[in-house]
Student: 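Quick one: structure below, then a few questions.
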Amino acid sequence: MEKLIYEGKAKQMWSTDDPEVLRVVYMDQATALNGKKKDQIRGKGEVNNEISSLIFEYLTAKGLKTHFIKKLSATEELVKKVEIVPLEMVTRNVSAGHFASRFGIEEGRKFTSPVEETYYKSDELDDPFINESQSLALKLVTKDELDVMWKLSRQVNQLLTALFKKMGLALIDFKLEFGRLADGQIVLADEFSPDNCRLWDLKTKAHMDKDVYRRDLGELTPVYEEVLRRLKEALKEEA
Ligand code: TMP
């Protein structure tokens, strides 16, 4: 029988008949401020599942190793079971969000080269910033694994910056998570959707990501649906 293995803020993970495969269910839930702001948002699970599936398929086609197997239904996908590395790997191309507030600068400053940050995944500790030597001291990850994770993050940044540009969007920043397969291989895990990146419209500078929810800028689902519509068009052109 299928068992609920894990329930996060926006997704559930269920076991399947195959011990190496999990079923992910995307929920209609949005959270911000580490869960302090929480709402049901109709249609969000479906649109995030579709965006993330298309992006993982795209990255897989470009040769990146990921946990993704296939989209199963409107709100479900199948993924390889991994042991999640408890680090959030953030890449920033342009100042925004916590980078801007932490260092007291305006949003929108383009960096000469991307800023890379890691956060320790811990709800009790509010996901604190963590540097490389701290991650190694806590044995969260090995140096070789970190190198692979940053290499994959840089490839994702290159590929998706170009793809989003075709969609009239700037990839401002994003957060990735990685996992270990049974044989120890590091693969890209979790999701890639407007929940875990910032996308600004190149013409209007409008926020096309979860900042719409975080900052109460309007309805979230229509914005994500517009991202999905542009993504499908860009992928059609690529094919
Ligand atoms: P930040 O500016 O709030 O640190 O966020 C940087 C990027 O990382 C942004 O695209 C949102 C994403 N992110 C998550 O996906 N989950 C998180 O818990 C945090 C803090 C950021």
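Along the sequence shown, the residues carry numbers beginning at 1. One-based numbering, in listed order, for ligands and for the atoms of each. What you see is a predicted model, and the numbers here were worked out from it, not measured in a lab.
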Student: Among protein heavy atoms, which sits nearest to atom 19 (C) of ligand 1, and what does the distance come to when rounded to 0.1 Å?
Tutor: Glu88 OE1, 4.2 Å
Student: Starting from atom 9 (C) of ligand 1, locate the nearest protein heavy atom and write down its residue, its atom name and how far away it is, to 0.1 Å.
Tutor: Asp173 OD1, 3.2 Å
Student: Measure the distance from atom 4 (O) of ligand 1 to every protein heavy atom, then report the residue, atom name and distance (to 0.1 Å) of the closest one.
Tutor: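 Of every protein heavy atom, Arg92 NH2, 2.8 Å lies nearest to atom 4 (O) of ligand 1.
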Student: Using a 6.0 Å cut-off, check whether atom NZ of Lys175 has over 12 heavy atoms from anything other than its own residue.
Tutor: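 Yes.
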Student: As an exercise, identify every atom of ligand 1 less than 4.0 angstrom from a heavy atom of Gly97.
Tutor: 2 (O)
Student: Within the structure, is a non-hydrogen atom of Arg214 found at a distance of less than 4.0 Å from ligand 1?
Tutor: yes
Student: State the atoms of ligand 1, each with its element, that fall below the 4.0 Å cut-off from a heavy-atom position in Phe174.
Tutor: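 Within the 4.0 Å cut-off of Phe174, ligand 1 contributes 10 (O).
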Student: Short check: is a protein heavy atom less than 4.0 Å from atom 21 (C) of ligand 1?
Tutor: no
Student: Heavy atoms only: which of His98, Arg198, Lys210, Lys175 lies closest to atom 5 (O) of ligand 1?
Tutor: Arg198
Student: Does the distance from a Lys or Arg side-chain N to an Asp or Glu carboxylate O, for Glu116 and Arg92, drop under 4.0 Å?
Tutor: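 No, no charged N to carboxylate O under 4.0 Å.
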Student: Taking only Lys NZ, Arg NE, NH1 and NH2, and the carboxylate oxygens of Asp or Glu, determine whether Lys37 and Asp216 approach each other closer than 4.0 Å.
Tutor: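 Salt bridge: yes.
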Student: Crowded around Lys165 NZ? As in, over 12 foreign heavy atoms under 6.0 Å?
Tutor: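 Counting other residues, nucleotides and ligands, NZ of Lys165 stays at 12 neighbours or fewer.
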Student: Indicate the ring-plane relationship of Phe174 and Phe192, choosing parallel, tilted or perpendicular according to the 30° and 60° boundaries.
Tutor: tilted
Student: Please determine which of Asp195, Thr221, Asp28 meets the side-chain hydrogen bond (donor to acceptor under 3.5 Å, both in side chains) test together with Lys44.
Tutor: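 Between Lys44 and the candidates, side-chain hydrogen bond (donor to acceptor under 3.5 Å, both in side chains) is satisfied uniquely by Asp195.
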Student: Kindly state whether the ring of His67 and the ring of Phe56 have centres lying under 6.0 angstrom apart.
Tutor: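 Ring centroids of His67 and Phe56 are less than 6.0 Å from each other.
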Student: Got a protein heavy atom sitting under 4.0 Å from atom 14 (C) of ligand 1?
Tutor: yes
